[in-house]
Amino acid sequence: MKRTWLVTGGAGFIGANFVHHLLDHHPDDRVVVYDKLTYAGNLDNLRDRMADPRFAFVHADICDRAAVEAAVDGHGVDTIANFAAETHVDRSIVAPDAFIHTDVLGTHTLLEVARERRLRYHQVSTDEVYGHVPDGASTEADPIAPRSPYAASKAAGDLLVNAYFVTYGLHTTITRGSNNIGPYQYPEKVVSLFATNAIDDLPLPVYGDGRQERDYQWVGDHCEAIDLVVRRGQPGDVFNVGTGTSITNLEMVELILEALGKPASLIRHVEDRPGHDRRYALDVSKLQALGWRPRHTPQAAIVRAVEWYAANPWWWRPIKSGAFREYYEQMYGQRKEIAVGPGAAPA
Ligand code: NAD
Ligand code: DAU
């Protein structure tokens with residue numbers, strides 16, 4: 001079935017990769033990117049798509065109902081894929097308000113427009129809604145237990161989506177993805193930050209002991225999963241998306257340094273993130289039963305991501321020399337270096 005998509009947050013990292021995926025794989029689909037262009041939104045992420053007659057861009061906030069309605073009605077949208085969100089955990093700790101605005105109220109606004117017009121609605125969510133997972137792997141049936149303002153705002157979005165499925169019979173689906181990495185990731189997230197810092201021989205600030213575990217997945221694999229779930233998911237379905245393998249942050253850092261031929265002396269252990277979830281791990285068997293398989297291990301995804309940043313300084317250098325500097329100073333300037341290892345106080 002051919003679709004006309006409203007891809008909210010489509011100028012951000014995963015949204016833009018999803019737009020590339022759709023235009024490359026579904027020649028009959030049309031794509032309307034709807035984005036507020038916050039610090040994380042960047043039209044450079046879509047610059048080679050702007051002239052495509054199947055592509056349109058709307059600059060607006062998902063909390064602005066009239067603007068959402070105008071975009072949906074004006075372009076004949078039948079499917080909303082909601083990627084728009086405030087997404088960085090560290091920013092949510094310093095300033096949570098924007099997270100509630102966009103991730104909760106924005107999701108509600110989109111659901112209302114979808115309910116009135118009976119649109120297909122997909123919510124891009126996160127494994128962070130499950131909270132810290134001491135052992136085993138989260139299944140979709142597990143209770144959600146978010147612990148950061150970011151994770152709580154995303155969990156609220158998930159609950160609203162489920163309420164619109166149960167109460168109004170809206171055809172909704174949710175995917176809960178693990179840590180995405182790859183092209184166009186704003187260099188606040190760890191792999192894009194560390195790769196670009198290491199290229200410039202700058203320190204890599206590892207939070208705490210670096211033994212936290214994450215499932216780093218290639219963004220293109222995640223996009224394929226979302227596409228499949230929108231086309232094949234049943235109303236109310238929730239799917240985890242990840243490789244099913246979590247690795248430590250130290251292993252991730254070592255892979256980045258090795259891929260760039262940089263020394264371990266760039267590593268600095270610094271004060272930990274407050275409330276840091278030590279481990280996320282996903283059971284992805286439900287999605288695999290739909291026929292999806294990740295094409296990359298976390299290790300392969302990390303190396304491929306590093307190669308992209310090494311080959312594309314045109315994309316990240318302007319970001320890192322702009323307002324990002326102020327952010328970096330605010331986030332890392334006062335952060336004390338800590339000792340880890342035998343004899344050091346527990347991180
Ligand atoms: P991002 O921060 O790179 O991009 C977010 C985009 O949303 C930006 O283009 C921004 O301008 C836009 N946006 C923000 N507020 C908006 C608003 N009020 N109205 C319209 N547009 C707005 O985010 P990302 O990393 O690409 O994440 C996309 C989605 O995937 C988010 O919902 C996030 O929670 C989810 N997710 C991310 C990851 C990850 O590892 N990055 C993993 C799982 C799920
Ligand atoms: O798990 C999915 C989530 O992954 C998404 O929902 C979020 O939008 C996305 O930001 C990401 O959240 P994380 O907090 O896991 O990602 P981040 O890149 O900020 O951090 C990854 C790990 O690296 C985490 O354990 C914290 C650590 N870290 C991060 C930064 C920025 C460091 O050690 N140093 C750093 O400077």
Side-chain angles (χ1 to χ4, degrees), residues 9-21 23-24 33 35 37-52 55 57 83 87-91 179-207 214 216-223 249-268 270 295-333 335:
F13 161 51
I14 307 176
N17 277 282
F18 187 67
V19 170
H20 289 278
H21 167 88
L23 293 173
D24 286 343
V33 167
D35 200 295
L37 296 180
T38 66
Y39 76 94
N42 184 351
L43 290 178
D44 274 352
N45 302 353
L46 298 164
R47 70 173 188 174
D48 49 343
R49 305 295 176 162
M50 294 291 183
D52 190 320
F55 175 88
F57 177 70
F83 294 79
T87 60
H88 194 44
V89 174
D90 291 326
R91 290 184 194 256
N179 291 62
N180 281 227
I181 57 176
Y184 311 121
Q185 184 167 40
Y186 191 83
E188 63 189 353
K189 307 292 195 302
V190 76
V191 169
S192 48
L193 175 68
F194 283 11
T196 55
N197 273 11
I199 288 168
D200 283 345
D201 298 309
L202 295 171
L204 311 186
V206 172
Y207 294 163
R214 295 289 185 273
Y216 292 100
Q217 67 169 318
W218 182 249
V219 63
D221 293 344
H222 186 203
C223 291
N249 285 336
L250 283 179
E251 188 178 346
M252 172 269 296
V253 178
E254 281 158 15
L255 284 162
I256 292 174
L257 290 172
E258 196 185 325
L260 291 168
K262 298 289 182 174
S265 57
L266 289 179
I267 296 174
R268 302 278 187 287
V270 297
R295 297 180 195 272
H296 302 75
T297 60
Q299 291 83 355
I302 289 165
V303 172
R304 191 170 171 192
V306 170
E307 287 169 355
W308 190 85
Y309 289 94
N312 291 281
W314 69 270
W315 183 85
W316 57 267
R317 281 211 183 279
I319 297 174
K320 286 191 97 173
S321 59
F324 180 85
R325 282 171 186 241
E326 212 175 290
Y327 162 81
Y328 200 76
E329 178 54 32
Q330 184 199 10
M331 209 52 88
Y332 296 95
R335 217 164 193 138

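Note that the numbering runs from 1 along the sequence shown for the chain.
The distance from the CD atom of Gln330 to the CZ atom of Arg91 is 8.0 Å, given to the nearest 0.5 Å. Distance check: Leu266 CG to Ile256 CD1 gives 11.0 Å after rounding to the nearest 0.5 Å. From Arg317, atom CZ reaches atom CG of Asn312 across 12.0 Å, with rounding to the nearest 0.5 Å. The distance from the OG1 atom of Thr297 to the OH atom of Tyr216 is 14.0 Å, given to the nearest 0.5 Å. Distance check: Leu260 CG to Ile199 CD1 gives 5.5 Å after rounding to the nearest 0.5 Å. The structure places NE2 of His21 at 13.5 Å from CD1 of Ile14, a figure rounded to the nearest 0.5 Å.
The minimum heavy-atom distance between Pro187 and Thr196, with the atom names listed, is CB-OG1, 4.2 Å. Residues Pro318 and Ser321 share a closest heavy-atom pair of O-OG, 3.3 Å. The two atoms that bring Leu46 and Ala11 nearest to each other are CD1-CA, 4.0 Å, heavy atoms only. For Asp201 against Lys262, the heavy-atom pair with the smallest separation is OD1-NZ, 2.9 Å. In plain terms, the two heavy atoms of Pro183 and Val219 that are nearest each other are CD-CG1, 4.0 Å. Considering all non-hydrogen atoms of both residues, Asp35 and Gly12 come closest at OD2-N, 3.8 Å.
A donor-acceptor pair under 3.5 Å links the side-chain atoms of Tyr309 to the main chain of Gly182, judged by distance alone. Without hydrogens or angle criteria, Asn249 side chain to Val206 main chain gives no donor-acceptor distance under 3.5 Å. Judged purely by atom type and a 3.5 angstrom limit, Gln185 uses its side chain to pair as donor or acceptor with the backbone of Asn180. Under the 3.5 Å distance criterion, the side-chain polar atoms of Asp200 are left unmatched by any main-chain donor or acceptor of Leu202.
Under the 4.5 Å side-chain criterion, counting only non-hydrogen atoms from C-beta, Leu37 is in contact with Phe57. Looking only at side-chain heavy atoms (C-beta outward), Ile302 and Glu251 stay at 4.5 Å or farther from each other. Contact annotation: the side chain of Glu188 never approaches that of Met331 to less than 4.5 Å [non-hydrogen atoms, C-beta and beyond]. You'll find the side chain of Tyr184 stays beyond 4.5 Å of the side chain of Asn42, heavy atoms only. Between Pro205 and Asn197, the closest side-chain pair of non-hydrogen atoms falls below 4.5 Å. Taking 4.5 Å as the limit, some side-chain heavy atom of Arg304 sits within range of a side-chain heavy atom of His296. Side-chain contact between Lys189 and Asn179 is absent, with no heavy atoms from C-beta onward closer than 4.5 Å. With contacts defined as side-chain heavy-atom distances shorter than 4.5 Å, the pair Lys320/Leu193 qualifies.
A cation-pi arrangement is absent between Arg268 and Tyr332, since the terminal nitrogen or guanidinium carbon is not both under 6.0 Å from the aromatic centre and inside a 45° cone about the axis.
In summary, Asp24 and Arg49 engage in a salt bridge, as defined by a charged side-chain N under 4.0 Å from a carboxylate O.
Separation of the His88 and Tyr39 ring centroids does not fall under the 6.0 Å cut-off.
The aromatic rings of Phe324 and Tyr327 sit tilted, their planes meeting at an angle between 30° and 60°.
For Arg335, the CZ atom counts as densely surrounded, since its 6.0 Å shell holds more than 12 non-hydrogen atoms of other residues, nucleotides or ligands.
Side chain to side chain, Tyr186 and Asn45 fail the donor-acceptor criterion of an N or O pair below 3.5 Å.
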